[in-house]
Enquirer: 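Before I ask anything, let me first share the structure, which is written out below as structure tokens.
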Amino acid sequence: MSKLHQETLVTRYGVNSDANHGAVIPPLYLSSTFAFPRFGEKGAYDYTRSGNPTRDHLGGALAAAEGGAGGVVTASGMSAVHLVTQLLQPGDLLMAPPDCYGGCHRLLSAAARKGQFELDWVELWNSESAAARIREQAPRMVWIETPSNPLLRITDIEHIAAAAHEVGALVVADNTFLSPAGQQPLALGADIVVHSTTKYINGHSDVVGGAVIAADAAILEELEWWANCLGVTGAPFDSFQAMRGLRTLGVRYRQHQENAERVAAALQEEDLVECLYYPGLKSHPGHEVAARQQNGFGAMLSFELAASHEEIPVFLNALRLFTLAESLGGVESLVAHPGSMTHAAMSEEDQAAAGISSRLLRLSVGIEHAEDLVADLKNAFAAVRDARAGLSVRHIA
Ligand SMILES: *Cc1c(COP(=O)(O)O)cnc(C)c1O
């Protein structure tokens with residue numbers, strides 16, 4: 001049989017593997033401990049922190065989806081990030097983009113302050129200058145996150161990985177924003193993929209989890225050793241849930257992307273939208289790289305509302321289908337105000353430097369009917385216009 005497609009691999013992963021009862025979907029093993037068959041003899045599993053069949057299932061399926069040697073499932077995306085930093089020694093240089101996920105920015109900064117490694121913030125989306133800096137500084141690890149949050153900047157994984165490998169650096173890619181359905185960093189030269197499975201992989205906003213997938217078996221073994229040592233491995237129940245989500249990733253992802261295209265097209269025609277950030281637009285600076293390295297353009301977008309500070313709540317309060325909440329990648333559509341929510345920890349100056357204005361809004365486009373989503377946005381824009389008209393009428397009176 002020819003090589004199976006990702007949808008087939010993950011949908012069927014472990015199906016019909018239960019030898020006890022022929023359960024079609026593999027059972028959930030909650031047990032914290034496993035019996036030794038005999039004195040001096042150990043079975044495949046002994047203790048759930050170290051290994052668990054349900055968690056291993058998810059790790060195996062994610063490795064299949066990303067094309068890696070194996071996967072370590074962790075309790076959260078942040079514990080996956082923490083786990084990968086265990087590969088660094090004091091004095092090793094880590095290069096990471098200044099606009100990486102806020103939690104990663106905080107963790108990497110705090111660990112570097114404690115001397116766990118050296119840290120250099122590099123604008124990896126500027127391919128040529130970033131590659132030159134990598135060759136000059138010879139880091140031990142380069143941390144890529146593409147598309148970035150909330151401005152959807154695109155980093156050329158192949159280009160950055162080639163420069164990093166010239167100097168013997170490990171390349172890590174946080175693939176949370178696209179999922180393995182949208183991008184396969186290992187095939188583009190990355191050594192390690194990190195996921196917050198909380199987002200598209202689980203996809204139903206009811207689990208917090210993470211994963212690390214490695215291309216190389218020796219690196220995988222080191223990560224597994226640290227995961228057990230630190231106790232950052234994921235819970236069996238969460239793994240079961242995330243596995244259930246992963247089985248439908250392909251079909252969800254297609255709908256997310258199709259809806260995002262429709263929403264982007266509607267936003268492009270809207271007078272109250274300024275600066276639409278969506279890699280699917282030809283005018284987006286990362287469009288060509290995204291078209292080359294991604295499968296589609298994802299379902300995250302952001303835009304600046306051409307409105308006053310007072311009008312932002314008018315718009316947000318008028319939305320009925322986009323829920324005001326952090327996070328992304330669930331079946332339900334969300335809207336976030338990065339300045340006061342996801343990126344509130346940044347100072348006003350840092351926000352301005354990162355291009356996050358107080359009028360910036362971020363959408364995670366869900367899988368509701370696209371027409372309903374577009375109508376919801378149009379209705380909220382109309383509410384801003386109505387409020388404006390109301391205000392000017394009062395001024396005249
Ligand atoms: C959410 C997220 C994380 C952190 O994951 P948690 O599951 O919240 O710990 C890391 N990276 C990116 C890009 C994310 O979106």
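Just follow the structure's listing: the first ligand is 1, and inside any ligand the first atom is 1. As the structure is a prediction and not an experimental result, all values here were calculated from the model.
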Enquirer: So what's ligand 1 close to, N/O to N/O, under 3.5 Å?
Expert:
unit_1: ligand 1; atom_1: 5 (O); unit_2: Ser196; atom_2: OG; d: 3.0
unit_1: ligand 1; atom_1: 7 (O); unit_2: Gly77; atom_2: N; d: 2.9
unit_1: ligand 1; atom_1: 7 (O); unit_2: Ser196; atom_2: OG; d: 2.8
unit_1: ligand 1; atom_1: 7 (O); unit_2: Thr198; atom_2: OG1; d: 2.7
unit_1: ligand 1; atom_1: 9 (O); unit_2: Gly77; atom_2: N; d: 3.0
unit_1: ligand 1; atom_1: 9 (O); unit_2: Met78; atom_2: N; d: 2.9
unit_1: ligand 1; atom_1: 11 (N); unit_2: Asp174; atom_2: OD2; d: 2.7
unit_1: ligand 1; atom_1: 15 (O); unit_2: Lys199; atom_2: NZ; d: 2.8

Enquirer: Could you check whether Thr248 and Arg252, counting side-chain N and O atoms only, form a donor-acceptor pair closer than 3.5 Å?
Expert: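 Looking only at side-chain atoms, Thr248 and Arg252 do form a donor-acceptor pair, the distance falling under 3.5 Å.
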Enquirer: Would you say Ser205 and Glu332 are linked by a side-chain donor-acceptor pair, where the criterion is simply a distance under 3.5 Å?
Expert: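 Yes, a side-chain donor-acceptor pair sits under 3.5 Å.
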Enquirer: Under the 4.5 Å side-chain heavy-atom rule for ILVMFWY, direct or indirect, which residues accompany Val122?
Expert: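 Direct or chained contacts put Val122 with Leu93, Met95, Leu124, Ile134, Val142, Ile144, Ile157, Ile160, Val167, Val171, Leu188.
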Enquirer: According to ring-ring contact (aromatic ring centres under 6.0 Å, His included), does anything in residues 222-242 pair up with another residue at least two apart or in another chain? List the pairs.
Expert: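 Every candidate ring-ring contact (aromatic ring centres under 6.0 Å, His included) pair involving residues 222-242 fails, so no pair, neighbours aside, qualifies.
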Enquirer: Please list, chain by chain and in numerical order, all residues satisfying side chain to side chain donor-acceptor pair (under 3.5 Å) with Asn126, sequence neighbours excluded.
Expert: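 By the side chain to side chain donor-acceptor pair (under 3.5 Å) rule, Asn126 matches Glu123.
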Enquirer: Below 6.0 angstrom between ring centroids: does that apply to His287 and Phe297?
Expert: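 That pair passes the under 6.0 Å test.
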